[in-house]
Amino acid sequence: FRPDDPVTHLEALKVMVDVLGYSNVVQAYGGYPIGYVDVANRAGILKGMSSDAEKSMTWADVKKLVFRSMNAAVAELTGVNGTTVTIEADRNNSYLRKYWNLEKVEGIVTANSLIDLYGQEPMSGTQSNIRIDDDVYTTAYTAQAMNYLGQRVRAYVDRSVTAQENEIVCLYPVPGK
């Protein structure tokens with residue numbers, strides 16, 4: 001353990017792959033280090049990052065790695081039969097979904113409390129309601145939601161039992177779409 005040394009891409013990658021539950025899967029792909037790189041590529045958490053494993057992580061790299069890891073599928077142990085272990089990864093069961101009950105939603109903001117793009121009556125109720133495609137959501141990001149009318153957005157919706165129904169906890173436009 002070298003707490004004062006910079007963290008390399010490979011070291012950070014190993015931590016995130018282990019957090020996602022792929023430690024056992026890595027061995028099937030060659031172990032450390034190549035197995036971690038291969039599994040991370042398959043999980044999609046290396047997209048847009050440096051391929052130089054020994055390069056020190058920047059804060060921008062850390063943000064990308066954490067963001068992609070939180071949206072990657074979590075590995076689940078599904079069976080043990082003698083010496084055979086079965087592990088599966090469900091793309092619909094990301095880290096955010098499993099541990100924080102957050103569901104990623106993407107679509108076009110089609111209505112808010114002032115305007116409906118399809119010429120229907122604006123949404124009734126409070127200003128905190130918006131429609132993304134055909135579904136109605138509640139958001140504390142009212143000003144942002146007003147500005148995103150007609151734009152493709154990505155939202156994270158709280159599906160926990162304590163949340164309001166369809167409550168958006170994060171909302172931002174999807175670039176280039």
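Excluded from the calculations below are hydrogen atoms, water molecules and symmetry mates; all remaining heavy atoms, backbone and side chain alike, are included.
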Chemist: Stepwise, does the side chain to side chain contact (heavy atoms under 4.5 Å, CB included) test hold for Tyr32 with Lys14?
Modeler: CA-CA 8 Å; Tyr32 185 84; Lys14 181 188 183 310; 3.9 Å; yes
Chemist: Quick one, Met57 and Leu65 - any side-chain contact, counting heavy atoms below 4.5 Å?
Modeler: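 Yes, side chains in contact.
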Chemist: Hey, any chance Phe67 and Leu102 share a hydrophobic cluster, counting ILVMFWY side chains that come within less than 4.5 Å of each other, even indirectly?
Modeler: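 In one cluster: yes.
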Chemist: Hydrophobic cluster membership, with links at side-chain heavy-atom distances under 4.5 Å among I/L/V/M/F/W/Y: are Tyr137 and Leu114 in one?
Modeler: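 Linked, Tyr137 and Leu114 end up in one cluster.
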Chemist: Taking Gly35's backbone N and O only, do any of them form a donor-acceptor pair with Asp38's side chain (distance below 3.5 Å, no angle check)?
Modeler: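 Not a single qualifying donor-acceptor pair exists.
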Chemist: Write down the atom of Leu46, the atom of Val37, and the distance for their closest heavy-atom approach.
Modeler: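 Scanning both residues completely, I find the closest heavy atoms to be CD1-O, 3.8 Å.
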Chemist: Applying side chain to side chain donor-acceptor pair (under 3.5 Å) to Ser94 and Asn71, what does each step give before you reach the verdict?
Modeler: CA-CA 5 Å; Ser94 70; Asn71 285 286; 5.2 Å; no
Chemist: Just how far is it from atom OH of Tyr36 to atom CG of Asn41, taken to the nearest 0.5 Å?
Modeler: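 Interatomic distance, Tyr36 OH to Asn41 CG, rounded to 0.5 Å: 15.0 Å.
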Chemist: Answer yes or no: is there a donor N or O on one side and an acceptor on the other, between the side chain of Gln27 and the main chain of Asn24, under 3.5 Å?
Modeler: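 No, the answer is negative, given that no donor and acceptor are paired below the 3.5 Å cut-off.
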Chemist: Got a salt bridge between Arg131 and Asp135, using NZ or NE/NH1/NH2 to carboxylate O under 4.0 Å?
Modeler: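 Answer for the salt bridge query: no.
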Chemist: Please report the closest heavy-atom contact between Ala111 and Asp116, naming both atoms and the distance.
Modeler: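 Scanning both residues completely, I find the closest heavy atoms to be CB-OD2, 3.6 Å.
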Chemist: Between Lys55 and Thr8, is any pair of side-chain heavy atoms under 4.5 Å apart?
Modeler: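 Not touching, per the 4.5 Å side-chain cut-off.
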Chemist: How about Glu54 and Leu10: do any of their side-chain heavy atoms sit closer than 4.5 Å?
Modeler: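 With C-beta onward as the side chain, the pair touches.
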Chemist: List the steps and the verdict of side chain to side chain contact (heavy atoms under 4.5 Å, CB included) for Asn166 and Arg159.
Modeler: CA-CA 7 Å; Asn166 287 338; Arg159 300 292 189 199; 2.4 Å; yes
Chemist: I need the Ser56 OG to His9 NE2 distance, nearest 0.5 Å.
Modeler: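 NE2 of His9 is found 7.5 Å from OG of Ser56.
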Chemist: Find the distance between CE (Met16) and CZ (Arg68) and round it off to the nearest 0.5 Å.
Modeler: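 Met16 atom CE to Arg68 atom CZ measures 12.0 Å (nearest 0.5 Å).
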Chemist: Start with the C-alpha distance between Arg42 and Tyr29, add both sets of side-chain angles, then the distance that settles side chain to side chain contact (heavy atoms under 4.5 Å, CB included), and finish with yes or no.
Modeler: CA-CA 11 Å; Arg42 290 172 188 270; Tyr29 290 97; 3.3 Å; yes
Chemist: Is any side-chain heavy atom of Ile45 closer than 4.5 Å to a side-chain heavy atom of Val17?
Modeler: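 Yes, at least one pair of side-chain atoms sits under 4.5 Å.
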Chemist: Could you give the distance from CD1 (Ile108) to CG (Leu117), rounded to the nearest 0.5 Å?
Modeler: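 Ile108 atom CD1 to Leu117 atom CG measures 8.5 Å (nearest 0.5 Å).
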Chemist: With a cut-off of 6.0 Å (strictly less than), are more than 12 heavy atoms of other residues, nucleotides or ligands near CG of Asp5?
Modeler: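 Atom CG in Asp5 is crowded, with more than 12 foreign heavy atoms closer than 6.0 Å.
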Chemist: Indicate the ring-plane relationship of Tyr99 and Tyr95, choosing parallel, tilted or perpendicular according to the 30° and 60° boundaries.
Modeler: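 Geometry flag for Tyr95 against Tyr99: tilted rings.
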Chemist: Find the distance between OH (Tyr148) and CG (Asn112) and round it off to the nearest 0.5 Å.
Modeler: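 Answer rounded to 0.5 Å: 13.5 Å.
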Chemist: Looking only at heavy atoms, what is the nearest atom pair of Ala73 and Tyr22, with distance?
Modeler: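 Looks like O-OH, 2.8 Å.
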Chemist: Using the side-chain contact (heavy atoms from CB on, under 4.5 Å) definition, which of the options Val157, Thr110, Thr139, Ile168 pairs with Ile132?
Modeler: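 Result for side-chain contact (heavy atoms from CB on, under 4.5 Å) with Ile132: Ile168.
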Chemist: Going through the distances and angles, do Cys170 and Arg154 end up as a side chain to side chain contact (heavy atoms under 4.5 Å, CB included)?
Modeler: CA-CA 8 Å; Cys170 179; Arg154 186 168 296 136; over 6 Å; no
Chemist: Return the CG to CG distance between Leu96 and Asp158, rounded to the nearest 0.5 Å.
Modeler: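 The CG atom of Asp158 is 11.0 Å from CG of Leu96, to the nearest 0.5 Å.
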